[in-house]
Amino acid sequence: MTDDELIAKLKASVEPPKEADDPRFWQSFAADLDRAIAPRPRRRWPALAAIGAVAAAAVLAVTLRTKPPQRMAIMQDELTLDADGNSDAAELVGELDLEELHAVAGKF
Amino acid sequence: VNAALARMVEPTPSDDELVARFRAGERAAFDELVRRHQRAILLMAHRILRSMEDARDVAQRAFVQAYRQLARFRGESSFRTWLWRIGANLALDALRKRGRDARLALVPDERPGRDLLAEHQLRRALEELPERQRLVVELRTFEELSFREIGEIVGSSEDAAKMNFHHALKRLRQVLGEKE
């Protein structure tokens, strides 16, 4: 068998698939290809989540700056009272002389 | 009228021109390249994989890959050769993944006067060839590509492609029971 005969046999052994001659097949092929190479729509939720987190952080920061939480204010008062290490406010008052007591009373 | 005539006699743009136009931003140029080569790529993949579904998938992926890489295509080979290399590699990858056993089913052929068994034997013999030899035979026999192009596609020299083809035919003859 010559090369040409063998090649002819090989060619004859293959029949192209019928789909290759069907225009609908190629329309669907082109549509699928378009979808595959079209830029994918961006996922929006990560961006929205990031924006939400930043906004929440900003709101929290503004709130803390303008209106300290009540618990913090109480802690600050306690710190003032405890400035010299005493935990009992009555003891502090007891250590004041009369003039200092008047001065304190005048504050209220 | 002259403009219409000019359009009618306007030569069909070459692949290189279409590639340049696509790279300049004309998406329709890529569509034209697809239309030109889709059938050949599909049939090549089908001959290797013997499954329309797999062949279609390979052809799709070949064009998607070409679309994404065309900006980096340096034009050292022709667009056709470059595309064929992508398609052939994808088809061979798919074949490897699928495994050798699932390669060939005896597909009933309705064409009259066929020696189905002999043809099946021949196809089977072709499939048993080493990958590169098989690809060379496919490209030479069915696509009638030059050995230079075949060498570029399979990643060898022109002479090596010729040798692969020669060895492949010799092996096919042996499988078919012929003595050299």
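Proteins get letters first, then strands, A, B, ... in listed order; numbering begins at 1 in each. For clarity, every value in this text was computed on a predicted model and none was experimentally measured.
Using a 4.5 Å cut-off between heavy atoms, B/Val34 touches chain A through its side chain atoms alone. Interface residue A/Asp21: backbone and side-chain heavy atoms are both found under 4.5 Å from chain B. Heavy atoms closer than 4.5 Å to chain A are found in the side chain of B/Arg27, but not in its backbone. The parts of B/Arg56 that come within reach of chain A are both its backbone and its side chain, each placing non-hydrogen atoms under 4.5 angstrom from that chain. Heavy atoms closer than 4.5 Å to chain A are found nowhere in B/Ala125, neither backbone nor side chain. Neither the backbone nor the side chain of B/Gln65 has a heavy atom closer than 4.5 Å to any heavy atom of chain A.
In this model, no donor atom of one side chain and acceptor atom of the other lie less than 3.5 Å apart for B/Arg36 and B/Thr12.
For the set B/Asp31, B/Leu43, B/Leu122, the entry with the most heavy-atom pairs within less than 4.5 Å of chain A is B/Leu122.
Looking at every heavy atom in both residues, B/Arg132 comes nearest to B/Ser156 through NH1-CB, 3.7 Å.
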(request) Start with the C-alpha distance between B/Asp54 and B/Val58, add both sets of side-chain angles, then the distance that settles side-chain contact (heavy atoms from CB on, under 4.5 Å), and finish with yes or no. (result) CA-CA 6 Å; B/Asp54 292 348; B/Val58 161; 5.6 Å; no
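Ring planes of A/Phe29 and A/Trp26: perpendicular class, angle over 60° (limits at 30 and 60°).
Here the straight-line distance linking atom CZ of B/Phe63 with atom CZ of B/Phe30 works out to 7.0 Å at 0.5 Å rounding.
Annotation: side chain of B/Glu53 is not in contact with side chain of B/Asp57 (no heavy-atom distance under 4.5 Å).
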